[in-house]
Structures are given as structure tokens and as C-alpha cells.
2 protein chains.
Amino acid sequence: MLTAIRPTREKLLRAALTLVARSGFEAATTAAIAEAAGVAEGTLYRHFASKDDLLIEVYRNLKSEVLTAVEDGEDRAASPEARLKRWWLALFEAYRSDIEAFTFGQRFMESPLAQREGGAAKQRFIAPLAAIREEGVRAGVFCDLPQDLMASLFIAPISYLLKQETQGRRWSAAELEGAADGVVRSWRAG
Amino acid sequence: MLTAIRPTREKLLRAALTLVARSGFEAATTAAIAEAAGVAEGTLYRHFASKDDLLIEVYRNLKSEVLTAVEDGEDRAASPEARLKRWWLALFEAYRSDIEAFTFGQRFMESPLAQREGGAAKQRFIAPLAAIREEGVRAGVFCDLPQDLMASLFIAPISYLLKQETQGRRWSAAELEGAADGVVRSWRAG
DNA sequence: GTCTATATTTGGATAGAC
DNA sequence: GTCTATCCAAATATAGAC
């Protein structure tokens with residue numbers, strides 16, 4: 001993410017992301033962001049109207065990146081269960097590949113800025129999942145609970161396992177397989 | 001929680017909790033906390049050495065309250081699967097009964113203060129869960145994945161579903177039953 | 001576009017009267 | 001124990017030279 005088309009702007013975005021991920025929102029002052037980006041504090045305001053705008057931009061960028069990475073791996077021919085498992089693993093890997101971005105996202109969502117953002121990105125994540133669920137419910141392999149509940153059973157473990165990776169726990173491929181299988185079972189008709 | 005043995009102190013603790021839950025960590029300034037508690041700003045420092053100490057105290061109190069509430073409902077005679085489900089529902093209800101405390105906890109854990117707290121409370125949550133898992137693995141009903149992975153599959157949906165309750169989604173008893181059953185299935189041997 | 005310097009506000013914390 | 005008044009540091013944002 002954050003390609004170098006507009007170098008200073010991208011440096012500021014990545015500096016803010018890194019600061020928040022490593023030291024929390026409190027640490028991401030305009031002075032600290034500018035210093036980490038290697039520019040003067042005043043320069044920040046040539047690229048963003050405010051600090052909040054900068055942080056919201058960071059969040060939108062990273063959501064977009066993760067989504068693009070995940071949408072690639074789809075396989076529409078497979079069974080609902082296989083597709084579910086594959087998508088779970090793909091989403092996990094997408095976040096894991098930029099763990100600082102993941103941590104930023106977690107913190108952003110617990111900040112007051114989250115309300116200003118709106119949550120438009122969320123729907124793009126939900127839609128493909130809803131399609132898999134629908135197909136599985138029709139086939140009788142998935143239980144017929146509300147979509148938002150099923151989505152929570154799917155996404156929550158990703159978030160929790162990644163949080164532990166930020167704290168030093170590294171999940172092996174076999175462990176992730178096991179977790180993905182667990183998530184698939186949690187969706188199964190009783 | 002926050003009984004009225006030391007009224008001013010408890011008012012400050014609850015004021016801080018409410019402010020963080022409703023408006024985020026940024027909003028919980030010493031001025032705002034004191035005003036919400038109905039005392040002067042200087043008074044805060046008669047009861048706590050610093051603002052951080054106050055917030056850490058809030059967190060420790062709420063963890064302790066939730067744990068006490070949950071430990072009551074244990075039933076050692078039941079099957080591992082039944083105990084797991086019962087404990088999941090009990091933990092959900094314990095947090096739900098003070099949803100502001102839950103939100104505070106989420107935000108606290110994403111703040112730099114989390115590192116200072118240490119996470120001692122976590123072990124008290126894990127231990128009973130580990131016992132249930134052990135028994136189920138021996139009986140061959142649960143799959144044999146690492147304890148921390150199993151714990152994540154268990155706790156993560158609680159956190160996610162509660163977060164949605166803070167945003168207005170109210171889960172019915174039937175939906176929670178369904179979610180709990182899903183969690184139990186996620187633990188089952190493949 | 002970027003820098004230096006600075007205006008302005010707000011935050012955490014303390015002093016001292018009551 | 002509580003309040004009023006205040007100090008000091010830090011944070012956001014702007015002005016103006018280069």
C-alpha cells in the first residue's frame with residue numbers, strides 16, 4: 001500500500017500508521033508524525049486539512065488494500081464449505097501480511113474517528129460472505145442463523161488470532177488450518 | 001460494581017468509565033472526569049496519583065466484577081460440551097449487564113495503558129476454560145488444538161457480538177443459543 | 001512545496017485557602 | 001477532603017520566508 005506517486009503524502013500516511021500501531025493513538029501527534037516522515041510539521045497541513053483527516057485517510061487506504069488482496073483468491077466453483085475456509089485463510093493472510101495496518105485498524109475502530117468514517121468498507125466485506133452463506137443454507141449444510149451473526153462467528157477469530165500475533169504468538173500453518181476448520185464447523189447445520 | 005464505601009472515589013471511577021465508553025479515551029480528560037463526577041479537578045488527585053492510575057483502577061475493578069459474576073454459574077457435573085456452552089452464555093451475559101464497562105475494556109486494551117496493566121486478570125479467565133477443554137479432549141469430543149487457539153475461538157465471538165450490541169443490534173435469546181452452539185461445534189473433534 | 005517560527009488552546013498536575 | 005486559582009508542558013494549526 002501507499003505507493004510512491006506522491007512521496008511526501010505517502011510518507012506521512014505510513015508514518016502515522018506505524019506510530020499508531022507501535023505506540024497508540026496518543027503517540028501519533030502531528031509533531032511525531034512529521035518527524036517520523038522526515039518532514040516539517042507545517043508540511044503536514046499542505047497535504048491534509050487536519051490530523052483527523054490524515055488518520056481517516058490511512059484507514060480507508062488500508063481497508064481498500066486488504067479487500068483487493070482478498071478478492072483475488074475467490075473460487076466460485078468449490079463447495080460452500082471449501083469456499084468459506086479458503087476465504088477465511090485468505091483474509092487472515094491479507095491482514096497478517098501487514099500486521100501494523102491491522103493494529104492501526106483495531107485502534108482506529110476504538111477511537112472517536114470511527115464514527116466519522118461511516119463503515120462503508122464493511123459492506124464490501126460482508127457481501128461475498130453473504131453469498132457463500134446463502135448457497136450453503138440452501139444446500140442444507142449451513143445452519144440458518146442471521147447473516148450478521150454468522151459473519152461475527154467468521155470474522156471474530158481472525159481478529160483475535162491476529163491480535164495475539166502482534167503480541168508475539170506465531171500461528172503455524174497447521175494451527176490455522178485447525179482454526180479455519182473450527183470456523184467452518186461453527187457454521188454447520190446442527 | 002463501584003459500591004459507595006468511598007463515595008467520591010467511586011464517583012470518579014464510574015465517571016471515567018462512562019466518559020471513555022461514550023466518547024472515547026480522548027474525551028476522558030481530568031477536567032471532564034471531575035465535572036462528570038461533580039467534584040473539582042484538584043480533588044481527583046486526592047484519590048489517585050495520576051489520571052493513568054485512575055483508568056487502570058477502573059479496568060481492574062471491572063475485570064474483577066465480571067469474573068466474580070461468571071464463576072458463580074459453574075456446574076462441574078455436566079458434560080464438557082454443556083459446560084462450555086453454559087460458560088459462554090454466562091460470560092456473554094456478564095459483559096452485557098454492564099455494556100459500558102465492556103466498551104471501556106475494549107478501548108482500554110487498545111490504549112498504551114494496557115501494557116502497564118500486565119494482563120494478570122487474563123489467567124483467571126483462561127484457567128477454568130482450560131479445564132473444560134482438557135476433559136473434552138480426553139473424552140474425544142473436542143479437537144486437540146492448542147489451548148490459546150481454542151480460547152480465541154471461544155472468546156472472540158463474545159467480543160464481536162457485544163460490540164454490535166453497543167451499536168444497537170440486540171441479540172435474541174434464540175440467536176445467542178445458536179451462537180453458543182456454533183462455538184461448541186467449533187471446538188468439536190473433526 | 002517545504003521550512004522555521006509562532007499563535008492559541010488545552011491538558012495534567014500542584015499550591016494553598018477553607 | 002474539597003475548592004479555586006494557577007503553573008507548565010504539549011498539541012493543533014497558521015504565517016510567512018525561501
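Proteins come first, then strands; the chains are lettered A, B, ... in the order of their sequence lines, and each starts at number 1.
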Exercise for the section: Could you tell me whether the phosphate oxygens of C/dG12, OP1 or OP2, come under 4.0 Å of any side-chain nitrogen or oxygen in B/Thr30? Expected result: yes
Practice task
For A/Arg169 and A/Glu175, run salt bridge (charged side-chain N to carboxylate O under 4.0 Å, His left out): C-alpha distance rounded to whole Å, both residues' side-chain angles, the deciding distance at 0.1 Å, then the answer.
Solution key: CA-CA 12 Å; A/Arg169 175 65 153 105; A/Glu175 285 168 342; 3.3 Å; yes
Problem - B/Phe125 six-ring centre to B/Lys63 NZ/CZ under 6.0 Å and within 45° of normal - result: yes
Exercise for the section: Could you tell me whether the side chain of B/Arg9 and the main chain of B/His47 form a donor-acceptor pair under 3.5 Å? Expected result: yes
Exercise for the section: For the side chain of B/Lys51, starting at C-beta, report the closest nucleotide among D/dT4, D/dT14, C/dG12. Expected result: C/dG12
Practice task
Answer yes if the ring centres of A/Trp171 and A/Phe92 are under 6.0 angstrom apart, and no otherwise.
Solution key: no
Practice task
Using the closest heavy atom to pick a nucleotide of DNA chain C for each, name whichever of B/Ala28 or A/Gly38 lands nearer the 5' end.
Solution key: A/Gly38
Practice task
Would you please confirm or rule out a distance under 4.0 Å between OP1 or OP2 of C/dC3 and any side-chain N or O of A/Thr43?
Solution key: yes
Handout entry: Closest to the B/Thr8 side chain, choosing from D/dT2, D/dT12, C/dT14
Key = D/dT2
Problem - Gap between atoms CZ and P, on A/Phe48 and C/dG1 respectively (whole Å) - result: 13 Å
Completion exercise
Quick note, B/Val39 side chain, CB onward, closest among D/dC3, D/dA11, D/dT14 is D/dC3
Practice task
Find the distance B/Arg46:CZ to C/dA17:C1' and express it as a whole number of Å.
Solution key: 12 Å
Practice task
Using whole Å, report how far CD of A/Glu26 lies from P of D/dA11.
Solution key: 11 Å
Problem - Whole-Å distance separating the CD atom of A/Glu41 from the C1' atom of D/dA13 - result: 8 Å
Practice task
Counting heavy atoms from C-beta on, name the nucleotide in D/dT4, D/dA13, C/dC3 closest to the side chain of A/Ser50.
Solution key: D/dA13
Exercise for the section: Starting from P on D/dT4, measure out to CD on B/Glu35 and report it in whole angstrom. Expected result: 12 Å
Handout entry: Length of the CG-P vector between B/Leu55 and C/dG11, whole Å
Key = 14 Å
Practice task
Can you spot which of B/Phe142, B/Trp88, B/Trp87 makes a ring pair (Phe, Tyr, Trp, His ring centres under 6.0 Å) with B/Trp187?
Solution key: B/Phe142
Exercise for the section: In whole angstrom, give the distance that lies between atom CG of A/Asp53 and atom C1' of D/dT12. Expected result: 13 Å
Handout entry: B/His47, nearest nucleotide to its side chain (from C/dC3, C/dT14, D/dT2)
Key = D/dT2
Handout entry: Rounded distance (Å) that lies between atom P of C/dT4 and atom OH of A/Tyr45
Key = 17 Å
